[in-house]
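Have a look at the structure below before the remarks.
Since the structure is predicted, the reported quantities are computational estimates derived from the model, not experimental observations. Numbering of residues begins at 1 and proceeds along the displayed sequence.
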Amino acid sequence: MGVPAKLDKVVKPRWAAKVLGIDYADLPKLDRPWTKRDVRSLRDSRPGWLTEARRRHATRVQQANESRAAELDAELARLGYDAPDLGTVDQAALYIDGALTHLTTVTRCSEDEADRAAWRRWRKSMAAEEDYADDEDAW
């Protein structure tokens with residue numbers, strides 16, 4: 001009897017949209033509160049409108065990520081961090097680490113966002129630093 005009661009739990013519409021992988025605006029309005037059962041039923045049945053809403057949501061998320069990446073890349077260049085990717089541990093440790101600290105301080109972006117920006121711009125040096133750290137861990 002515990003499972004049906006759990007599925008009848010009322011959930012917030014924004015939570016339902018997030019679990020379904022769609023924008024809140026695409027979530028149908030019900031004449032009653034959303035429940036976990038409603039969400040599970042939609043996930044299992046996969047109606048056509050849900051598939052389309054998921055595609056639109058994924059496109060919006062990708063566009064937002066690409067836009068944010070371009071903003072951070074432009075900010076790195078504006079701050080003077082435009083050296084080519086040398087593929088060296090020294091570049092990663094001395095130059096890129098400073099660039100990331102500067103970027104997070106100036107833009108207030110998260111460390112994860114800054115790290116992704118560095119990987120886009122200096123992939124070889126970031127990989128070299130990661131390989132070096134893995135070798136150090138082996139000892």
Side-chain angles (χ1 to χ4, degrees):
M1 291 290 202
V3 173
K6 276 187 172 182
L7 290 178
D8 292 330
K9 181 180 179 193
V10 172
V11 296
K12 294 182 179 183
R14 290 202 184 277
W15 180 87
K18 182 176 180 179
V19 170
L20 292 169
I22 63 175
D23 290 333
Y24 173 73
D26 288 331
L27 190 68
K29 306 299 181 238
L30 300 180
D31 58 353
R32 58 181 170 66
W34 276 87
T35 65
K36 285 188 174 186
R37 182 180 312 281
D38 296 322
V39 174
R40 178 178 283 182
S41 175
L42 282 173
R43 267 195 346 223
D44 292 346
S45 67
R46 296 187 197 134
W49 70 264
L50 180 59
T51 301
E52 287 305 311
R54 284 179 170 162
R55 283 189 187 122
R56 284 191 304 275
H57 177 72
T59 298
R60 284 197 238 4
V61 168
Q62 181 179 357
Q63 289 170 342
N65 288 341
E66 289 170 0
S67 176
R68 181 65 172 157
E71 288 173 18
L72 293 178
D73 196 53
E75 191 63 25
L76 281 169
R78 189 188 72 73
L79 293 169
Y81 297 101
D82 53 3
D85 188 356
L86 303 176
T88 66
V89 173
D90 285 344
Q91 183 180 32
L94 303 174
Y95 182 79
I96 297 172
D97 286 350
L100 298 186
T101 300
H102 200 172
L103 185 64
T104 56
T105 303
V106 170
T107 67
R108 301 273 188 233
C109 71
S110 69
E111 288 182 19
D112 286 342
E113 281 184 305
D115 196 50
R116 285 191 299 273
W119 273 95
R120 282 188 301 275
R121 188 174 268 255
W122 300 292
R123 182 168 298 283
K124 292 186 294 188
S125 290
M126 294 292 286
E129 182 182 46
E130 196 171 83
D131 290 345
Y132 179 78
D134 288 346
D135 289 344
E136 288 293 306
D137 289 342
W139 291 100

Check [X] against [Y] and note the closest heavy-atom contact, atom names and distance.
X: Asp8; Y: Thr35; answer: O-CG2, 3.7 Å
X: Tyr95; Y: Gly80; answer: OH-O, 3.6 Å
X: Cys109; Y: Glu113; answer: CB-OE1, 3.2 Å
X: Ala114; Y: Thr104; answer: CB-CG2, 3.6 Å
X: His57; Y: Gly21; answer: CD2-O, 3.4 Å
X: Tyr24; Y: Pro13; answer: CE1-CB, 3.5 Å

Next item on the list: Just grab all the side-chain hydrogen bond (donor to acceptor under 3.5 Å, both in side chains) pairs involving residues 79-93, residues at least two apart or on different chains.
Entry: Tyr81-His102, Asp85-Ser125, Gln91-Ser125
Next item on the list: Find out if a path of hydrophobic residues (ILVMFWY) with successive side-chain heavy-atom gaps under 4.5 Å connects Leu86 to Val89.
Entry: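 No, Leu86 and Val89 fall in different hydrophobic clusters.
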Notebook entry, point to check: Using a side-chain heavy atom cutoff under 4.5 Å and only I, L, V, M, F, W and Y, what cluster partners does Leu30 have?
Noted result: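 Taking Ile, Leu, Val, Met, Phe, Trp and Tyr as members, Leu30 shares its hydrophobic cluster with Val11, Trp15, Val19, Leu20, Ile22, Leu27, Trp34, Val39, Leu42, Trp49, Leu50.
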How long is the gap from [atom1] on [X] to [atom2] on [Y], to the nearest 0.5 Å?
X: Asp73; Y: Arg121; atom1: CG; atom2: CZ; value: 4.0 Å
X: Asp23; Y: Arg60; atom1: CG; atom2: CZ; value: 4.0 Å
X: Glu66; Y: Arg120; atom1: CD; atom2: CZ; value: 10.0 Å
X: Glu129; Y: Trp122; atom1: CD; atom2: CH2; value: 12.0 Å
X: Ile96; Y: Leu76; atom1: CD1; atom2: CG; value: 10.0 Å

Checklist line | Residues Arg56 and Asp26 bridged, charged N to O under 4.0 Å | finding: yes
Checklist line | Sequence-distant partners of Thr59, side-chain contact (heavy atoms from CB on, under 4.5 Å), two or more places apart | finding: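 With sequence neighbours excluded, Thr59 shows a side-chain contact (heavy atoms from CB on, under 4.5 Å) to Gln63, given in chain and number order.
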Item checked: Non-neighbouring partners of Asp44 that pass side-chain contact (heavy atoms from CB on, under 4.5 Å), sequence neighbours left out ->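 Partners of Asp44 by the side-chain contact (heavy atoms from CB on, under 4.5 Å) criterion, ordered by chain and then number, come out as Arg40.
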Check: Which residue, Arg32, Lys29, Arg43, forms the salt bridge (Lys or Arg N to Asp or Glu O under 4.0 Å) with Asp38?
Finding: Arg32
Note to self: Can you list everything that forms a salt bridge (charged side-chain N to carboxylate O under 4.0 Å, His left out) with Arg78? Sequence neighbours excluded, please.
What the structure shows: Glu75
Notebook entry, point to check: In chain order, what residues pass the salt bridge (charged side-chain N to carboxylate O under 4.0 Å, His left out) check against Arg55, with sequence neighbours excluded?
Noted result: Glu52
